[in-house]
Peer 1: 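Following this message is one structure expressed as structure tokens.
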Amino acid sequence: MAQVITQENLVQLAGKLLAAGKRVIAPVRIDGQVCYQALFFTGEMLPESEYVLPRASFKEFFFPRTECVLRYQYDEKNQARLEEPALDSLPEQVILGCRPCDAASLPILDQVFGWDYKDPFYFKRREKTTVVTIACSRHDEQCYCTSIGYAPDHKAGSDVLLKRIADGSGNAGILPAPDGRRDAGHPNGGQDARGPGKNLASGEGTDTNLRSKLAVCPGLSNGGQDARGPGKYLAEALTEKGQALLAAHKNLFEEAPAAPAVQVTKLEAAFDVEKVKPWLDGHFEDAMWLEIASKCLGCGACAFGCPTCHCFDIVDEGDLKSGRRLKNWDTCSSCLFTVHGSGHNPRASQEQRYRQRVLHKFKYYLEKFKLRACTGCGRCSVRCPVGLDLHEVLRTIAGRSDGPSGTVRN
Ligand code: SF4
Ligand code: SF4
């Protein structure tokens, strides 16, 4: 029998989980931005009709931006005492209302955090987390999950998948540019001070794609709401954790006699991702890398918002008596990322660092784990301050798959 939950009862579910001492993470609006946040009260939780995709992924709830992994202290006999965090005391958490492109990052991250050494910090949080995903009933211009092989109702990484029940309004489809994904209070109204630029994909004309991304979004004036308002959702438990959550709160679900029609947005793939790796295999050296990466600032905004970027640095802080060891997010875009103690940097230029990001996601990760380290969420394109658009880069690469090695074909 199909299980259905209303938006009102989703809020009730959040309240019951909070009352039971669980940490509930859901999209909330902070200063005009939609972000995943641990709820203090249920009124903060946004209905799914008010967002396409939160500003950054939820990875910080599995892999915090900074985390103490060890403390040390020397006693009066100069004996070192080590103290490790009590991971068993981490709270159980439920992520409520995430999107499939974020949930799908978890099986990808599982690989890198578990292949040679099982990272206890990541996996303890994985064990203690239940993921309730809402399939996308609309998308925006930056979404390209289907180009990477995912879907607006993809199941990977979710414990429960909710799909909005069709209410006669049809496929809400694509929203005008980015509908709240970009800062509402953009200081210059979203204008790009650089003026018209070169379009990487076509090699000529003005950079209309970038301009549309920077334009003030008409949807922002109403906070990204769509006219459909709060909905009802068909619930499918995909794992034992998901079944347990639904069983424990069955009074919040209605039983529908038959599976109702659902509303899942239709998003066509924009390029053939299978063509990307063969091109990368033969173009470690290519003029395109400099052409693209000359814009890159190395700021790391792309990596920090990305659900699958996972690089970190280990730093010791302290003195001769006591201190701590921290695990901090890092990014291959940073000029310091690969600097050796000698001062030598094997990736000395920004073009080499940008190439590494693309090769890591679409070549090395695929070779090692049979998965690409990208779910097509589009955040790196939205967040990049200079409009470097990975989607456009991948389309260009896929279009050059039969081009001669080492040349740029415009
Ligand atoms: S966000 Fe843009 S400028 Fe910053 S490191 Fe990434 S690609 Fe470079
Ligand atoms: S690389 Fe970009 S599009 Fe792919 S998952 Fe990361 S942020 Fe999203």
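In each ligand, atom 1 is the first atom listed, and ligand 1 is the first ligand listed. What you see is a predicted model, and the numbers here were worked out from it, not measured in a lab.
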Peer 1: Where does the angle between the aromatic ring planes of His154 and Tyr150 fall among parallel (under 30°), tilted (30 to 60°) and perpendicular (over 60°)?
Peer 2: perpendicular
Peer 1: With heavy atoms of Tyr144 as the reference, note each atom of ligand 2 found under 4.0 Å away.
Peer 2: 3 (S)
Peer 1: Which residue supplies the protein heavy atom nearest to atom 8 (Fe) of ligand 1, what is that atom called, and how far is it?
Peer 2: Cys296 SG, 2.3 Å
Peer 1: Are the side chain of Glu44 and the backbone N or O of Phe41 linked by a donor-acceptor pair below 3.5 Å?
Peer 2: yes
Peer 1: Of all the atoms in ligand 2, which lie at a distance below 4.0 Å from a heavy atom belonging to Cys377?
Peer 2: 3 (S), 5 (S), 7 (S), 8 (Fe)
Peer 1: Would you mind checking which non-hydrogen protein atom is closest to atom 6 (Fe) of ligand 1, with the distance to 0.1 Å?
Peer 2: Cys302 SG, 2.3 Å
Peer 1: How about Lys59 and Cys309: do any of their side-chain heavy atoms sit closer than 4.5 Å?
Peer 2: yes
Peer 1: Is Lys361 touching ligand 2 with its side chain, its backbone, both, or neither, if touching means heavy atoms under 4.0 Å apart?
Peer 2: side chain
Peer 1: Would you say Cys374 has an N, O or S atom lying under 2.8 Å from atom 4 (Fe) of ligand 2?
Peer 2: yes
Peer 1: If you count heavy atoms of other groups shown closer than 6.0 angstrom to NZ of Lys327, is the number above 12?
Peer 2: yes
Peer 1: Could you tell me, atom by atom, which parts of ligand 1 come under 4.0 Å of a heavy atom of Pro385?
Peer 2: 1 (S)
Peer 1: Give me the nearest non-hydrogen protein atom to atom 3 (S) of ligand 1 as residue plus atom name, then the distance to 0.1 Å.
Peer 2: Leu297 N, 3.1 Å
Peer 1: Indicate yes or no: does Glu92 engage Lys128 in a salt bridge with an N to O separation below 4.0 Å.
Peer 2: no
Peer 1: Could you identify the single nearest non-hydrogen protein atom to atom 4 (Fe) of ligand 1 and state the distance to 0.1 Å?
Peer 2: Cys299 SG, 2.2 Å
Peer 1: Among Thr375, Leu390, Leu394, which one has a heavy atom closest to atom 5 (S) of ligand 2?
Peer 2: Thr375
Peer 1: So which protein heavy atom does atom 2 (Fe) of ligand 2 come closest to, and at what separation?
Peer 2: Cys380 SG, 2.3 Å
Peer 1: Show every donor-acceptor pair shorter than 3.5 Å between a side-chain atom in residues 235-248 and any protein atom, with sequence neighbours excluded, or say none if there are none.
Peer 2:
residue: Glu236; atom: OE2; partner: Lys155; partner atom: NZ; Å: 3.3
residue: Thr239; atom: OG1; partner: Asp159; partner atom: OD1; Å: 2.7
residue: Thr239; atom: OG1; partner: Lys241; partner atom: N; Å: 3.4
residue: Thr239; atom: OG1; partner: Gly242; partner atom: N; Å: 3.1
residue: Lys241; atom: NZ; partner: Arg126; partner atom: O; Å: 2.8
residue: Lys241; atom: NZ; partner: Glu127; partner atom: O; Å: 3.3
residue: Lys241; atom: NZ; partner: Thr129; partner atom: O; Å: 2.6

Peer 1: Name every donor-acceptor pair, under 3.5 Å, that has one atom in a side chain of residues 2-27 and the other anywhere in the protein, sequence neighbours excluded.
Peer 2:
residue: Thr6; atom: OG1; partner: Asn9; partner atom: N; Å: 3.0
residue: Asn9; atom: ND2; partner: Leu252; partner atom: O; Å: 2.9
residue: Arg23; atom: NH1; partner: Gln93; partner atom: OE1; Å: 2.9

Peer 1: Under 4.0 Å between a Lys/Arg side-chain N and an Asp/Glu carboxylate O for Glu351 and Arg355?
Peer 2: no
Peer 1: Using side-chain heavy atoms (C-beta onward) and a distance below 4.5 Å, is Glu50 in contact with Val34?
Peer 2: no
Peer 1: Taking the non-hydrogen atoms of Gly378, is any one of them nearer than 4.0 angstrom to ligand 2?
Peer 2: yes
Peer 1: For ligand 1, is any non-hydrogen atom under 4.0 Å from Ser333's backbone (N, CA, C, O), its side chain (CB onward), both, or neither?
Peer 2: side chain
Peer 1: Which of the atoms in ligand 1, numbered in the order shown and given with their element, are less than 4.0 Å from a heavy-atom of Gly298?
Peer 2: 5 (S), 8 (Fe)
Peer 1: Considering the heavy atoms of Ala301, write down every atom of ligand 1 situated less than 4.0 Å from one of them.
Peer 2: 1 (S)
Peer 1: Got more than 12 heavy atoms from elsewhere within 6.0 Å of CG, Leu320?
Peer 2: no
